[in-house]
Peer 1: 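The structure is given below, and queries will be raised subsequently.
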Amino acid sequence: MMRVLVLERNAAKRQRLRGLLQDNGFEVLEAKAAAGARQARGNRVRTVLADTLLLAEDDLIALAHPVPVILLAEAPSVTQAVECMRKGASDYLAWPGEPERLVAAVTAATSGFANGVASADDLSAFVGGSPPVRELKERIHEAARAGGPVFLQGEPGTGKELAARALHHASDRRYAPLIVLNCATTDEASIEPALFGYDVAPAGEGNSGGLIGAARDGTLLIKDIDLMPIAAQTRLVRLLDHGDAPADGSSAEAQATTEVDVRIMATSHQDLRQLTANGHFLAHLLEALGQTTLHVPPLRDRGDDVVQIAQAVLDRATAKLGKPGIGFSAAAFAALCNHPWPGNIRELKNTVERVAGLCDAPAIDTDLLPFDLGEGGTSAEPAPETTGSLEDFFVRFVLANQDQYTETELASQLGISRKSLWERRQRLNIPRRRTRKRGPRRPAAGLR
């Protein structure tokens with residue numbers, strides 16, 4: 001059982017965090033002050049959760065090192081987020097916020113620390129030895145030695161971020177920060193200041209220099225770069241061309257610049273050439289990123305890797321549930337291999353973890369798998385997964401309205417954040433369609 005240390009002055013908040021983490025299989029230690037971060041080193045702690053208010057007391061990130069620290073902010077801001085990442089925080093989240101987001105962040109942090117992903121040349125996270133994966137590993141090593149920007153192309157759920165992290169840790173920048181900006185979960189208006197810092201900082205906040213400054217000498221990974229606004233793309237082109245970050249949005253001749261040494265990596269599951277032709281993406285940026293392109297293969301092209309990945313996920317899930325030793329029947333393995341996995345590794349992981357919880361026998365058989373089997377055990381491609389009436393409504397609403405509304409408008413109509421909309425799309429395997437055509441801004445059916 002992974003151990004998490006919660007640093008929080010407020011007893012009620014500590015209790016709520018402890019309950020959430022324990023319900024998700026974590027063992028929890030608690031402390032009231034930043035100095036409690038010292039416990040992390042000698043108590044097999046895998047992650048520290050801390051209130052940003054404690055940053056003023058002591059350098060808790062340094063005290064906890066090398067254990068990752070996730071900071072929770074009751075009044076989050078872009079400037080504070082960048083400063084926290086600059087200091088070495090593993091993640092920065094709003095709290096109270098979405099419990100699923102916090103659990104996912106803790107899971108990612110504990111897994112990364114436990115598996116030692118920061119070690120050089122560690123590509124062991126790519127389970128399996130299929131030809132596409134062997135080729136990807138070779139390309140990662142080549143790109144790590146070459147330097148320069150990298151573009152990682154692949155379907156949702158294939159592991160593009162994992163590949164980028166492996167590349168960073170195999171490069172000579174491994175001892176410097178790897179900073180991640182997810183354009184899909186960041187409000188469009190916040191992307192540019194998050195990257196470059198504020199041109200005019202909010203009252204009481206200094207110009208942080210943005211995530212580019214925080215990633216100095218290291219790597220900046222921009223996820224879903226196809227969602228980056230054109231203005232931010234223009235400034236990023238300047239960085240890639242000249243190695244400096246504009247201080248504001250004025251002309252290149254008139255503005256001050258700050259030289260930065262940072263490697264840019266970007267991911268997308270979209271066809272950037274088509275987006276460029278449609279005016280959604282800058283051709284110059286595509287040219288700069290495309291100098292080194294890594295294609296992360298879909299799970300359906302990885303053959304027997306599916307079996308190895310499924311068994312590895314099952315072993316972790318059953319150990320967490322306290323019922324180790326469960327395996328798959330031969331028929332279940334065949335069904336897993338034959339399923340097309342439109343959601344790729346993310347879908348496989350979610351499927352295996354769900355059936356692990358349902359299984360009360362020594363082996364998982366096909367009756368527990370959440371997809372229909374055709375002749376010869378071949379599974380048909382399923383419709384997006386749903387587990388209840390609210391999710392059924394969500395799927396129907398998004399599919400019916402996504403061509404008429406932007407992501408921000410869809411989220412507003414559903415009464416959720418843009419980040420929550422993106423996360424539910426991923427979980428329910430509803431890909432986002434990009435189109436320049438927008439219908440009239442009509443009220444959504446059933447909501448107004």
Side-chain angles (χ1 to χ4, degrees), residues 78 82 139 143-144 146-156 158 160-161 163-164 167-168 171 173 178-197 199 209-216 218-255 257-296 406-407 422 432-436:
V78 171
V82 170
R139 293 294 313 281
V150 176
F151 175 59
L152 297 102
Q153 170 73 37
E155 297 175 9
T158 51
K160 298 183 291 296
E161 180 178 350
L167 197 160
H168 170 78
S171 74
R173 296 179 182 267
L178 169 63
I179 303 296
V180 180
L181 172 68
N182 190 337
C183 293
T185 59
T186 304
D187 183 75
E188 290 182 11
S190 299
I191 290 176
E192 189 172 356
L195 277 173
F196 299 96
D199 299 335
L211 294 177
I212 289 173
R216 185 182 299 273
T219 302
L220 175 66
L221 172 61
I222 305 173
K223 297 178 63 176
D224 292 305
I225 194 171
D226 53 282
L227 299 178
M228 178 181 287
I230 292 294
Q233 291 183 35
T234 302
R235 296 177 72 175
L236 185 59
V237 167
R238 166 81 186 213
L239 174 67
L240 292 171
D241 280 353
H242 303 287
D244 53 41
D248 57 39
S250 59
S251 66
E253 293 76 18
Q255 63 188 299
T257 61
T258 301
E259 291 189 3
V260 289
D261 178 16
V262 60
R263 184 178 203 174
I264 302 296
M265 291 195 283
T267 73
S268 177
H269 63 272
Q270 299 285 350
D271 182 348
L272 293 189
R273 294 189 182 281
Q274 183 62 48
L275 295 181
T276 298
N278 293 340
H280 288 300
F281 202 79
L282 293 181
H284 198 163
L285 181 55
L286 174 60
E287 180 182 352
L289 291 173
Q291 294 176 21
T292 301
T293 300
L294 303 183
H295 295 279
V296 183
T406 66
E407 291 295 277
W422 177 83
R432 179 186 179 192
R433 290 201 294 265
R434 290 294 299 262
T435 174
R436 290 197 67 175

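Residue numbers count from 1 along this sequence.
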Peer 1: Hey, mind stepping through Leu195 and Leu236 against side chain to side chain contact (heavy atoms under 4.5 Å, CB included) and telling me if it holds?
Peer 2: CA-CA 9 Å; Leu195 277 173; Leu236 185 59; 5.5 Å; no
Peer 1: So which heavy atom on Phe196 is nearest to which on Ile212, and how close?
Peer 2: CE2-CD1, 3.3 Å
Peer 1: Got Thr267 and Glu161 here, is their nearest side-chain heavy-atom distance under 4.5 Å?
Peer 2: no
Peer 1: So which heavy atom on Ala144 is nearest to which on Ser171, and how close?
Peer 2: O-CB, 3.8 Å
Peer 1: Is a donor on one side and an acceptor on the other found under 3.5 Å between the side chain of Asn278 and the backbone of His280?
Peer 2: no
Peer 1: Donor-acceptor pair, distance only, cut-off 3.5 Å: does the side chain of Lys160 make one with the backbone of Glu155?
Peer 2: yes
Peer 1: Sub-3.5 Å donor-acceptor pair from the side chain of Glu192 to the main-chain atoms of Pro229, do we have one?
Peer 2: no
Peer 1: Mind checking side-chain contact (heavy atoms from CB on, under 4.5 Å) for Ala215 and listing every partner two or more places apart, or none if nothing turns up?
Peer 2: Ile179, Leu220, Val262
Peer 1: Are the side chains of Leu285 and Leu272 in touch, meaning some heavy atoms are under 4.5 Å apart?
Peer 2: no
Peer 1: What are the two closest non-hydrogen atoms of Pro149 and Thr292, and how far apart are they?
Peer 2: O-CB, 3.7 Å
Peer 1: Would you say the side-chain atoms of Ser268 and Asp224 include a donor-acceptor pair closer than 3.5 Å?
Peer 2: no
Peer 1: What are the two closest non-hydrogen atoms of Ile225 and Phe281, and how far apart are they?
Peer 2: O-CE1, 3.6 Å
Peer 1: Would you say the side-chain atoms of Asp241 and His284 include a donor-acceptor pair closer than 3.5 Å?
Peer 2: yes
Peer 1: Could you tell me which non-hydrogen atom of Leu227 sits nearest to which non-hydrogen atom of Ile191, and how far apart they are?
Peer 2: O-CD1, 4.0 Å
Peer 1: Are Leu181 and Lys223 packed together at the side-chain level, in the sense that at least one heavy-atom pair is separated by less than 4.5 angstrom?
Peer 2: no
Peer 1: Please check if the side chain of Thr186 supplies one atom and the backbone of Cys183 the other of a donor-acceptor pair under 3.5 Å.
Peer 2: no
Peer 1: Looking at Leu282, is its backbone amide N or carbonyl O close enough to the side chain of Gln233 to form a donor-acceptor pair, meaning the two atoms are under 3.5 Å apart?
Peer 2: yes
Peer 1: Restricting to side-chain contact (heavy atoms from CB on, under 4.5 Å), what partner residues turn up for Ala163, sequence neighbours left out?
Peer 2: Phe126, Ile140, Leu152, Val296
Peer 1: Do Met228 and Ile222 come close enough that some side-chain heavy atom pair is under 4.5 Å?
Peer 2: yes
Peer 1: When rounded to the nearest 0.5 angstrom, what distance separates CZ in Arg173 from NE2 in His168?
Peer 2: 9.0 Å
Peer 1: Residues in side chain to side chain donor-acceptor pair (under 3.5 Å) with Arg263, at least two apart?
Peer 2: none
